[in-house]
Protein chains: 2
Amino acid sequence: MTKGKWVTMKDVADLAKVGTITVSRVLRTPEKVTEAKRERVQKAIKELGYVPDNTAGALSSSKSRVFGAIVSTINDSVFAQTLDGLSSTLRAAGYELLLTSTNYDPEVEEDALQALLARRPDGIVLTSTSHSAEVAKLLKSVSIPVVEIWQLPPEPLDIAVGFSNFQAASDMAHHLISKGRRNIAFLGGHEPRNERGLRRREGYAAALNQAGMTPVVWPHDNQDLRSGIELGAAFFEECLKENSQVDAVMCVSDQVAVGVLCEAKRRGVEVPGDIAVSGFGGFEVSTPSGFDLTTIAIPGFEIGVATANALLDPETARANKIIDVGYSLVERGTT
Amino acid sequence: MTKGKWVTMKDVADLAKVGTITVSRVLRTPEKVTEAKRERVQKAIKELGYVPDNTAGALSSSKSRVFGAIVSTINDSVFAQTLDGLSSTLRAAGYELLLTSTNYDPEVEEDALQALLARRPDGIVLTSTSHSAEVAKLLKSVSIPVVEIWQLPPEPLDIAVGFSNFQAASDMAHHLISKGRRNIAFLGGHEPRNERGLRRREGYAAALNQAGMTPVVWPHDNQDLRSGIELGAAFFEECLKENSQVDAVMCVSDQVAVGVLCEAKRRGVEVPGDIAVSGFGGFEVSTPSGFDLTTIAIPGFEIGVATANALLDPETARANKIIDVGYSLVERGTT
DNA sequence: ATCAAGTCTGGTATCGATACCAAAAACACA
DNA sequence: TGTGTTTTTGGTATCGATACCAGACTTGAT
């Protein structure tokens, strides 16, 4: 194996004294080749250090064995578990994952999709469910499975794997009400491009309205750039000033809840005595060894696995169209 | 554009009444085509919704315009920023990123590398620097840039982008000593496959030895599976029992430090009064709005950008071989 | 020994782009 | 107008695999 030159299937075939197609079969469908030849070929592969060229294979078989994923962000633990489940399941099946992040920018989404389609993937995963006209047109013109994840759109483009952010938030609101809280605020979910946050906020508002309470959401301003821990810390400074009677705060994420809890400690505010706090996500930080935070636990890894299975067997997945992996409300020390 | 059938370059060429090569040139080197034809071609591309097939292009030009990355884990904020910087810089230059995680398993690393090489990437990024013989052989036989990141190996395979984990940990130890701490323990860095943690532990031990102090590292057991917040919480229960005089704890990561701080609050231990705590990473949780944690801040995003630039222009990068992005010790409230 | 049915094997065309080279067109200048 | 140079263009071969089909080889039953 000389540096800079790839060994080809022909080289292997020549060394093993077989046709190239036999080498191909040893790799893809070994059971169709006699044991003697198979071993000869495998020996030659090892000897030459042959690594097949899947690009070429993709071209002739029109199966790339690659899936594409477009996620809103990787700089966040939200999707990390899902990507883990997705990529490990796919790799076990001999597939690869091409990953792109959009940072919640719809224009980037279109570019990224174009670039992805240029690789002729066997399927696509998206974390957003509202698409520009151009994106929707591209996706519809394509005959590969498209899986939208982490949400359950009313009308999936093809297949959806996720859970109801609306319902989960509504459940949490009811939990807080059942704990005797009467002035429940919602923190976060103000970023207009983050649909999951918006749905959670809506679920909260619906639950409060149903119970005859008045929703208090903060920040009001869609342009407010703060998020995560910083937002949680700002809660006391700004939101609580406007709404001094608030006795519970539902956070759009565990991150935000951590910000609230840190600031509460700093100010000597008792949790859950003075104020109850809930998160969303079920990440490590919410565990009893961490903040002991009441939260909605999302099976992120399972979403990834289920998505991989949907991509690998789209026919079965299309029978349901919507795969609901559910969530669970974990009651801990902060409520 | 009919569902299920891809438009080819030939289709575009026919519609625009030019040769296929002209279409190719409009896409890759538009300045070499007359304006009139260029516009005709671009109109045809739009009309047909043509998406070029990069797989085919890769085959004939032997340039895949894809880079491969093998990371230890994505289920961790450690690499998320780096991946963000990497993938956004690469995408801006028209390249894609093929991502695989190994979960610190060396066998997976070999498989993943094989799978990656099968896509004939234009370069490879690795987060580990100790490789199995098989992996090293494969990497050496390949004539594409190989970038090892987040560490500075003494003998990089090709190019390295990172910082000295050893030096950073040593600096932190000296900081704690300068604050008057005399019994400094190190928490974490016991996982044998996580080299970054090992180097930090070594840097700590070297600094303490130099100052004539006795290093105390915990857990002792390489097989201890706990990590992150859970490990921080266990510190009080187990490590402090054995070493009751400890007055500072250096944590291998911000995550672990959070575990320590949570448990300290729970037990009424004063920080930094009774015990000083430091982290490593500089993630959001360490900010003043969060835990106000003294930590080593790593420019994760910049590592990604520098890595992308090294991949795109390996010749320049090879002039240095080692690109040190540095780190900074951020002193905050916990020490 | 012979034949039918099934199993293996390999030659050749093909996937969709780009490289290379030669032809055509455009241009410059005497 | 003619000649030499540069720019633009397209035809054909090629990249490295797989699909398809036809031929060779087994196998088992008669």
Side-chain angles (χ1 to χ4, degrees), chain A residues 1 4-41 44-45 48-66 94 96 114-115 117-122, chain B residues 1 4-41 44-45 48-66 94 96 114-115 117-122:
Chain A
M1 195 170 179
K5 272 179 55 190
W6 294 99
V7 177
T8 75
M9 193 172 265
K10 182 103 192 347
D11 300 329
V12 175
D14 288 351
L15 180 62
K17 298 206 174 27
V18 296
T20 57
I21 189 71
T22 303
V23 178
S24 173
R25 276 194 275 253
V26 167
L27 294 168
R28 297 261 168 256
T29 50
E31 74 280 4
K32 289 190 176 172
V33 180
T34 346
E35 195 172 327
K37 291 211 179 190
R38 188 169 51 209
E39 282 176 3
R40 233 159 67 212
V41 170
I45 289 179
L48 294 171
Y50 169 64
V51 178
D53 185 335
N54 277 331
T55 342
L59 186 56
S60 50
S61 69
S62 58
K63 275 176 201 156
S64 62
R65 302 183 80 78
V66 165
E96 238 58 41
Q114 286 259 359
L117 290 178
R119 307 280 162 194
R120 300 292 187 265
D122 291 340
Chain B
M1 193 168 179
K5 271 178 56 188
W6 293 99
V7 177
T8 76
M9 191 172 266
K10 181 100 193 347
D11 299 331
V12 176
D14 289 350
L15 180 62
K17 297 207 175 28
V18 296
T20 56
I21 190 70
T22 303
V23 178
S24 174
R25 276 195 274 256
V26 168
L27 293 169
R28 297 260 168 256
T29 50
E31 73 280 3
K32 290 191 174 171
V33 179
T34 348
E35 193 171 331
K37 291 211 178 185
R38 187 171 50 212
E39 281 175 3
R40 233 160 64 213
V41 169
I45 287 178
L48 295 171
Y50 170 64
V51 177
D53 185 335
N54 278 332
T55 337
L59 186 57
S60 51
S61 68
S62 56
K63 274 175 203 158
S64 62
R65 303 183 81 75
V66 165
E96 237 58 42
Q114 285 261 357
L117 290 177
R119 306 281 163 197
R120 299 292 185 268
D122 291 341

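Every chain is numbered from 1, with letters handed out A, B, ... down the list of sequences. A quick note: this is a predicted structure, and the numbers were derived from the prediction, not measured.
When all heavy atoms of A:Thr55 and B:Arg119 are compared, the closest pair comes out as OG1-O, 3.9 Å. Taking every heavy atom of both residues into account, B:Leu59 and A:Leu59 meet most closely at CD2-CD2, 3.4 Å. Across all non-hydrogen atoms, the minimal contact from B:Ser64 to B:Ala58 is CA-CB, 3.7 Å.
In this structure, B:Lys10 places its NZ atom 12 Å from P of C:dG16, rounding to the nearest Å. In this structure, B:Leu59 atom CG and C:dA17 atom P are separated by 12 Å, rounded to whole Å. The distance from atom CG of A:Asp53 to atom C1' of C:dA17 is 14 Å, rounded to the nearest whole Å. Rounded to whole Å, atom C1' of D:dA17 lies 10 Å from atom CZ of B:Arg120. Atom CG in A:Leu27 sits about 7 Å away from atom P in D:dT18, given to the nearest Å. Residue B:Trp6 contributes atom CH2, which lies 23 Å from atom P of C:dT14 at whole-angstrom precision. Nucleotide D:dT18 holds its C1' atom 12 Å from the CZ atom of A:Arg65, rounded to whole Å. Nucleotide C:dG16 holds its P atom 9 Å from the CG atom of B:Asp11, rounded to whole Å.
With C:dG16, C:dT18, D:dG10 as the candidates, the nucleotide lying closest to the side chain of B:Arg25 is D:dG10.
Counting heavy atoms from C-beta on, the side chains of A:Pro52 and A:Leu27 come closer than 4.5 Å. Counting only heavy atoms from C-beta outward, the side chains of A:Val41 and A:Val33 never approach each other to under 4.5 Å.
Of the residues in residues 14-22 of chain A, those with a non-hydrogen atom less than 4.0 angstrom from any atom of DNA chain C are A:Val18, A:Gly19, A:Ile21, A:Thr22.
One finds the OG1 atom of B:Thr8 at 8.0 Å from the CG atom of B:Asp14 (value rounded to the nearest 0.5 Å).
Look at B:Tyr50 and you'll find a side-chain N or O under 4.0 angstrom from OP1 or OP2 of C:dA17.
A:Arg120 pairs by the salt bridge (charged side-chain N to carboxylate O under 4.0 Å, His left out) definition with B:Asp53, not counting sequence neighbours. Residues passing the side-chain contact (heavy atoms from CB on, under 4.5 Å) test with A:Lys17 are A:Arg40, sequence neighbours excluded.
For residues 19-35 of chain B, the side-chain hydrogen bond (donor to acceptor under 3.5 Å, both in side chains) pairs, not counting sequence neighbours, are B:Arg28-B:Asn54.
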Check the interface with nucleotides 6-8 of chain D: list each N/O to N/O pair with the protein under 3.5 Å, or write none.
residue	atom	partner	partner atom	Å
D:dT8	O3'	B:Thr34	OG1	3.1

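Axis deviation across the helix from C:dA1-D:dT30 to C:dA30-D:dT1 amounts to 30°, comparing end segments of five pairs, rounded to 10 degrees.
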